[in-house]
Amino acid sequence: MKPSPTTSLLHSLKTNSGAYDSGEVQEPSQFLTDFVTREFNAFLWISLIAITALLLRKVLSLFILWARARSIPGPPCPSFYGHSKLITRQNLTEVLSVSHKKYGSVVKLWLGPTQLLVSIKDPTLIKEMLLKAEDKLPLTGRAFRLAFGPSSLFVSSFDQVQRRRESLARELNGRLIERVTVIPTKVVDCIMERIYTFMAKGSIDCKIVSQQMAFTLLGATLFGDTFLAWSKASIYEELLMMIAKDACFWASYGVTPFWKRGFWRYQQLCTKLKFLTQDIVQQCRKNCRLFCHMDENLHNGITNMGRESECGAPSCCGVAMRDNFSLHELNDDLNAREEPCGNIMGVMFHGCLTTAGLICNLLERLVTHPEIQDKIYSEIIMARNGSMKQDQQCVDKLLLLLATVYESARLLPAGPLLQRCSLKHDFTLKTGATIPAGAVLVVPVQLVHMDDASWGQDANEFNPYRFLSKTGNGSDLVLNASSTGNAEKVVNPGESSFILNDPNDNAAFLPFGSGTRACVGQKFVIQGVATLFASLLERYEIRLHSGSQSDSKPTMKNSVPQLFPSPEIVFIRRNS
């Protein structure tokens, strides 16, 4: 009888593996055991080789990082963990101030065996670095993603975000910057209505005022009159600030902490914020339709605006503002994983934080320098008596006000550090120092803004006249180049003896960053804040509360201004 193919194959395998013992054939179960053993051993060997190769690659990368960082001066590491423990006990800006004085304009700090931080203080090198390092730290994009869902507007890689940034810049510096000149009166009325409820108890904290002003200004600019009448605006503001407080904390986890209850509470807040954003978008769409039905010629616009609203863009405004804000370009061609409202929430989130910081510092400077406030008021009145319309503010003529906004931004920028990185490529500065890819690049903005070499001997003092230059011609208003003295009227109303210098001509002016990744809303924020304060100071005088303590000349420690508690302020309505 001829053997079956299976029996022949088994017999052949056992013969080739030497499985005969005294003429007896090994059992099939033993054969399977040996086979599994050999395969498992092979898997272990392959895994060991792969892990070893990975570790060797990491070690090689580490040695390359150390070798390239040797050309950068800096203090030696106190331990295996670098300077991370030192920084947790001290202010990082103060540590960098001491290091720059000792090692020069480019300094390295090891935050760990694989974490390299490079600080650059020289304005020329800063400009070069900001042009070459276009990416941001992954933590930034992770914070926005956890809060608002996937969005390509706030990602780390510049290549992925460039198109969206260009769209946002066109929107902010186009239609929105035109709208911002016609809304201040309504915004001031809305803000003061809320502030008076707090002032009924006495005074109000400067930070609270600035937060409300920034939120209302940005919301009214993006969503129009609908936002000012929105009943859920205060809830939206509260949620936004709560999320802003904890965003970076939850993003700092290497692995999303699903096991923590606090994280799920944070996610619930983010979900509520998303629903509220959808609600204001829906309210805008309804008001937009009501307005469009009044004009049959806008039939095509109704279709387009409806399409934009369906994708989550706030494409509407109040009846008084026909020029609608649209994130159509920002939300066009969204990835399948992106949240349609994520870009809107991100703009509100980032815009409110930065604008509130600028407004807070501006308020503090005005109440601690009442002579500057009086001069700005005189400037506003004289410009108002000129050619300006009653319902608009033309801040281009309010040079001292603009200079005060710039000076406030210089003395207290939105953040003490400007952060960049190059995720893919190394690059070399003109000094010869090679910056490895992945290194954390920081610019200590406070140190740069307090540098005597760039700003003069009074760099740590408030002096808005540093942004003004005399024209040499006669004018109606002599704005003395000092913080004291009274303004004097001359002949021609509406003109000034000063011209405003472009602050961006100074490479050391960095409150909004610089280079390809600079803040796209710089012009919009400056114009909006200046217009808001023009309307506010025309009607109200801002003073320190009698019991509040504030020093107009804060102390300095290692070239870093020491912040005082937020002062209590009051608003007094002017008689005329």
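Quick note: residue numbers are just sequence positions, from 1.
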Visitor: With a 6.0 Å cut-off on the ring centroids, do F275 and Y236 count as close?
Guide: no

Visitor: Is any NZ, NE, NH1 or NH2 atom of the basic residue among E407 and R466 found under 4.0 Å from an Asp or Glu carboxylate oxygen of the other?
Guide: yes

Visitor: Test of understanding: with ring pair (Phe, Tyr, Trp, His ring centres under 6.0 Å), list the residues that count as partners of F63, not counting sequence neighbours.
Guide: W66

Visitor: Is there a side-chain contact between F533 and I359 (heavy atoms, below 4.5 Å)?
Guide: yes

Visitor: Distance check, rounded to the nearest 0.5 Å: N504 atom CG versus K523 atom NZ?
Guide: 11.5 Å

Visitor: Within the structure provided, determine whether L468 and L400 are in side-chain contact (heavy-atom separation under 4.5 Å).
Guide: yes

Visitor: K272 and L239: which non-hydrogen atoms are nearest, and at how many Å?
Guide: CB-CD1, 3.8 Å

Visitor: Has the side chain of K108 got a donor or acceptor atom that lies under 3.5 Å from a matching backbone atom of A69?
Guide: yes

Visitor: Are the side chains of L96 and L117 in contact, using a 4.5 Å heavy-atom criterion?
Guide: yes

Visitor: Ring pair (Phe, Tyr, Trp, His ring centres under 6.0 Å) with F249: which residues, sequence neighbours excluded?
Guide: Y253

Visitor: Could you check whether the rings of F263 and F258 sit parallel, tilted or perpendicular, using 30° and 60° as the cut-offs?
Guide: perpendicular

Visitor: Is it the case that the side chain of S97 and the backbone of T93 share a donor-acceptor pair, with hydrogens and angles ignored and the cut-off at 3.5 Å?
Guide: no

Visitor: May I ask you to test the M129-V443 pair for a side-chain heavy-atom distance under 4.5 Å?
Guide: yes

Visitor: For R517, which residues count as a salt bridge (Lys or Arg N to Asp or Glu O under 4.0 Å) partner, sequence neighbours excluded?
Guide: none

Visitor: Could you check if a side-chain atom of L402 sits within less than 4.5 angstrom of a side-chain atom of I526, using non-hydrogen atoms only?
Guide: yes

Visitor: Look up atom CD1 in I64 and atom CZ in R57, then write down how far apart they are to the nearest 0.5 Å.
Guide: 10.0 Å

Visitor: Which pair of heavy atoms, one from C352 and one from L240, lies closest together, and at what distance?
Guide: SG-CD2, 3.8 Å

Visitor: Are the side chain of S454 and the backbone N or O of D451 linked by a donor-acceptor pair below 3.5 Å?
Guide: no

Visitor: State whether a side-chain donor-acceptor pair under 3.5 Å links Q211 with E237.
Guide: yes

Visitor: CG/L532 to OG1/T216 distance, rounded to the nearest 0.5 angstrom?
Guide: 9.0 Å

Visitor: Is a donor on one side and an acceptor on the other found under 3.5 Å between the side chain of N463 and the backbone of Y465?
Guide: yes

Visitor: Decide if atom NZ of K132 counts as having more than 12 heavy atoms of other residues, nucleotides or ligands within a radius under 6.0 Å.
Guide: yes

Visitor: Before you tell me yes or no, could you show the steps for S119 and H100 under side-chain hydrogen bond (donor to acceptor under 3.5 Å, both in side chains), namely the whole-Å CA-CA distance, both residues' side-chain angles and the distance that decides it to 0.1 Å?
Guide: CA-CA 8 Å; S119 176; H100 278 294; 2.7 Å; yes

Visitor: Apply the test side chain to side chain contact (heavy atoms under 4.5 Å, CB included) to residues I435 and I72: give CA-CA distance (whole Å), side-chain angles for both, the deciding distance (0.1 Å), then the verdict.
Guide: CA-CA 8 Å; I435 309 297; I72 307 174; 3.8 Å; yes

Visitor: Okay, side chain of R410, backbone of A459: is any donor-acceptor separation there less than 3.5 Å?
Guide: yes

Visitor: Applying side chain to side chain contact (heavy atoms under 4.5 Å, CB included), run through W110 and L65 and close with a yes or a no.
Guide: CA-CA 11 Å; W110 287 102; L65 176 64; 3.8 Å; yes

Visitor: Mind checking whether H449 and F509 have parallel, tilted or perpendicular rings, split at 30° and 60°?
Guide: parallel

Visitor: Heavy atoms, side chains only, cut-off 4.5 Å: are L130 and L441 in contact?
Guide: no

Visitor: The test is ring-ring contact (aromatic ring centres under 6.0 Å, His included); show your working for F227 and F215 and say whether it passes.
Guide: CA-CA 10 Å; F227 184 84; F215 177 76; 5.2 Å; yes

Visitor: With a cut-off of 6.0 Å (strictly less than), are more than 12 heavy atoms of other residues, nucleotides or ligands near CH2 of W45?
Guide: no

Visitor: For the pair V442 and L92, evaluate side chain to side chain contact (heavy atoms under 4.5 Å, CB included) and give the outcome as yes or no after the intermediate values.
Guide: CA-CA 11 Å; V442 299; L92 177 57; 5.8 Å; no

Visitor: Which atom pair, heavy atoms only, marks the closest approach of P257 to W250?
Guide: CG-CE3, 3.6 Å

Visitor: Under the side chain to side chain contact (heavy atoms under 4.5 Å, CB included) rule, what do L218 and F524 come out as? Steps first, then yes or no, please.
Guide: CA-CA 10 Å; L218 189 60; F524 168 78; 3.9 Å; yes

Visitor: Report yes if some heavy atom in the side chain of V529 is under 4.5 Å from a heavy atom in the side chain of M213; otherwise report no.
Guide: no

Visitor: What residues, two or more places apart in sequence or in another chain, satisfy side chain to side chain contact (heavy atoms under 4.5 Å, CB included) together with E134?
Guide: F158, T516

Visitor: Show the nearest heavy-atom pair for residues P75 and Y103, with the distance to one decimal.
Guide: CA-OH, 3.4 Å

Visitor: Measure the CG-CG distance between D452 and D458 for me, rounded to the nearest 0.5 Å.
Guide: 8.5 Å

Visitor: What distance do T271 atom OG1 and W264 atom CH2 have between them, rounded to the nearest 0.5 Å?
Guide: 9.5 Å

Visitor: How many angstroms lie between atom CG of L273 and atom CD1 of I243, to the nearest 0.5 angstrom?
Guide: 4.5 Å

Visitor: Is a side-chain N or O of S514 found less than 3.5 angstrom from the main chain of L510, in a donor-acceptor match?
Guide: no

Visitor: Less than 4.0 angstrom from a charged side-chain N to a carboxylate O is my criterion; do K424 and D135 meet it?
Guide: no

Visitor: If you take all heavy atoms of G513 and A518, which pair is closest and at what distance?
Guide: C-CB, 4.0 Å

Visitor: Does the side chain of F462 come within less than 4.5 Å of T404's, by heavy atoms?
Guide: yes

Visitor: Going by the rule salt bridge (Lys or Arg N to Asp or Glu O under 4.0 Å), which residues pair with R420 if we only count those two or more places apart in sequence or in a different chain?
Guide: none

Visitor: Measure from the side-chain N and O atoms of E364 to the backbone N and O of S408, and report whether any donor-acceptor pair falls under 3.5 Å.
Guide: no

Visitor: With sequence neighbours left out, what residues match F349 under ring pair (Phe, Tyr, Trp, His ring centres under 6.0 Å)?
Guide: F144, F148

Visitor: Locate the shortest heavy-atom distance separating M345 from T277; write the atom from each residue and the value.
Guide: CG-OG1, 3.2 Å

